[in-house]
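Reading through the structure tokens given below for one structure.
Excluded from the calculations below are hydrogen atoms, water molecules and symmetry mates; all remaining heavy atoms, backbone and side chain alike, are included.
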Amino acid sequence: MTRKRLGWLIFFHLFDQDGGEKFDVLGDGQIRPHRLLPHRWDCSFKFLEVFEAWHRDGECYPLCIVDMRMPDENGLIDELRGYAVAQRVREVDPGIHIVIATAKPDIDGEDLCRKVGGSTHFFQTPFSLEQEEKFVLKVHELVDEWNERN
């Protein structure tokens, strides 16, 4: 299994446990008021096409998790494609929260968030247990904030 695929499996494990009915990866027994149902695309261009169509149809989503290393339409990995995807997502929906996660060690997360703008957050992977907890809490905090606002 490739490192890339393993990374996405971790996100699916974190947010789609128990069919999304309950979220208890932190072991606190708290039932979440909403389900986090992740969607995944193997092609960044296809994702943007679908995301833009959803937005045109009035569908809005609270959060987009982007990896800096994303495949193109030929499956080739581009080290910085996630930055371009995050910028386009921000253009299409200025109110969406964007979380950028990457194992790429030479990324300045603060600078990246500033460039993408809006509510953009950065996490370095792979996660330690403490970082995983912070990531999960941040994602739920962002979704809760979006739900309250919309």
Side-chain angles (χ1 to χ4, degrees), residues 1-17 20 23 25-26 32-150:
M1 182 173 291
T2 66
R3 176 187 248 180
K4 173 85 170 139
R5 185 161 299 278
L6 180 60
W8 284 111
L9 286 176
I10 290 169
F11 292 130
F12 274 83
H13 171 74
L14 291 176
F15 299 115
D16 204 23
Q17 296 186 88
F23 183 77
V25 76
L26 304 178
R32 299 304 301 186
H34 50 74
R35 296 176 68 187
L36 293 182
L37 299 175
H39 301 280
R40 179 181 67 92
W41 279 266
D42 291 329
C43 172
S44 55
F45 295 107
K46 181 65 178 168
F47 160 69
L48 288 172
E49 180 182 300
V50 171
F51 181 77
E52 290 172 5
W54 281 344
H55 200 266
R56 277 191 307 274
D57 291 343
E59 292 183 49
C60 293
Y61 291 86
L63 179 79
C64 180
I65 300 174
V66 178
D67 193 330
M68 285 298 291
R69 298 180 66 204
M70 297 183 80
D72 65 15
E73 66 276 8
N74 299 312
L76 300 174
I77 298 294
D78 180 327
E79 293 288 317
L80 299 175
R81 183 170 311 282
Y83 172 64
V85 168
Q87 286 183 309
R88 182 63 189 140
V89 166
R90 174 66 64 226
E91 290 170 9
V92 171
D93 185 352
I96 195 169
H97 297 293
I98 297 174
V99 175
I100 300 173
T102 187
K104 209 166 154 31
D106 57 343
I107 300 292
D108 180 343
E110 288 181 21
D111 185 52
L112 182 66
C113 290
R114 211 174 12 262
K115 287 178 179 175
V116 173
S119 177
T120 303
H121 308 271
F122 179 82
F123 286 87
Q124 189 72 46
T125 61
F127 296 135
S128 67
L129 287 177
E130 182 180 321
Q131 291 165 323
E132 180 180 295
E133 180 177 323
K134 286 180 181 178
F135 176 81
V136 168
L137 288 172
K138 176 53 81 174
V139 165
H140 277 288
E141 173 189 312
L142 295 171
V143 171
D144 288 344
E145 185 278 330
W146 186 90
N147 282 328
E148 288 173 11
R149 157 167 61 98
N150 291 293

- [ ] May I ask you to test the F122-I107 pair for a side-chain heavy-atom distance under 4.5 Å?
- [x] yes
Open item on the list: According to salt bridge (Lys or Arg N to Asp or Glu O under 4.0 Å), does anything in residues 119-128 pair up with another residue at least two apart or in another chain? List the pairs.
Closed with: none
Task: E130 atom CD: more than 12 heavy-atom contacts under 6.0 Å - done: no
TODO: Take the angle between the ring planes of F123 and F135 and call it parallel below 30°, perpendicular above 60°, tilted in between.
DONE: perpendicular
Task: NE2-CG distance between H140 and L137, expressed to the nearest 0.5 angstrom - done: 8.0 Å
Open item on the list: Testing the basics here: between F47 and C64, what is the closest heavy-atom pair and its distance to 0.1 Å?
Closed with: CZ-SG, 3.7 Å
- [ ] Please confirm whether the backbone N or O of S119 pairs with a side-chain atom of R90, one donor and one acceptor, at under 3.5 Å?
- [x] yes
TODO: Check for a donor-acceptor pair, side chain of Q124 on one end and backbone N or O of A101 on the other, with a separation under 3.5 Å.
DONE: no
TODO: Would you give the length of the straight line joining atom CG of D106 to atom CE of M68, rounded to the nearest 0.5 angstrom?
DONE: 9.0 Å
TODO: Could you grab the distance from atom CD1 of I100 to atom CD1 of I65, nearest 0.5 Å is fine?
DONE: 11.5 Å
TODO: Can you measure from NE2 (H97) to CD (E141) and round to the nearest 0.5 angstrom?
DONE: 8.5 Å
Task: Greater than 12 external heavy atoms within 6.0 Å of K46's NZ - done: no
Task: salt bridge (Lys or Arg N to Asp or Glu O under 4.0 Å) contacts in which one or both residues fall within residues 51-62, not counting sequence neighbours - done: E52-R88
Task: Atom pair CG (D93) and OH (Y61), whose distance is rounded to the nearest 0.5 Å - done: 11.5 Å
Task: Side-chain touch V66/T102, heavy atoms, less than 4.5 angstrom - done: no
Open item on the list: Tell me the closest heavy-atom pair linking S44 and M70, and the distance in Å.
Closed with: CB-CE, 3.8 Å
- [ ] Would you mind reporting whether L63 and W146 have side-chain heavy atoms less than 4.5 Å apart?
- [x] no
Open item on the list: Would you compute the distance between atom NE2 of H55 and atom CD1 of I96 and round it to the nearest 0.5 angstrom?
Closed with: 8.0 Å
Task: Side chains of K104 and L80 in contact at under 4.5 Å (non-hydrogen atoms) - done: yes
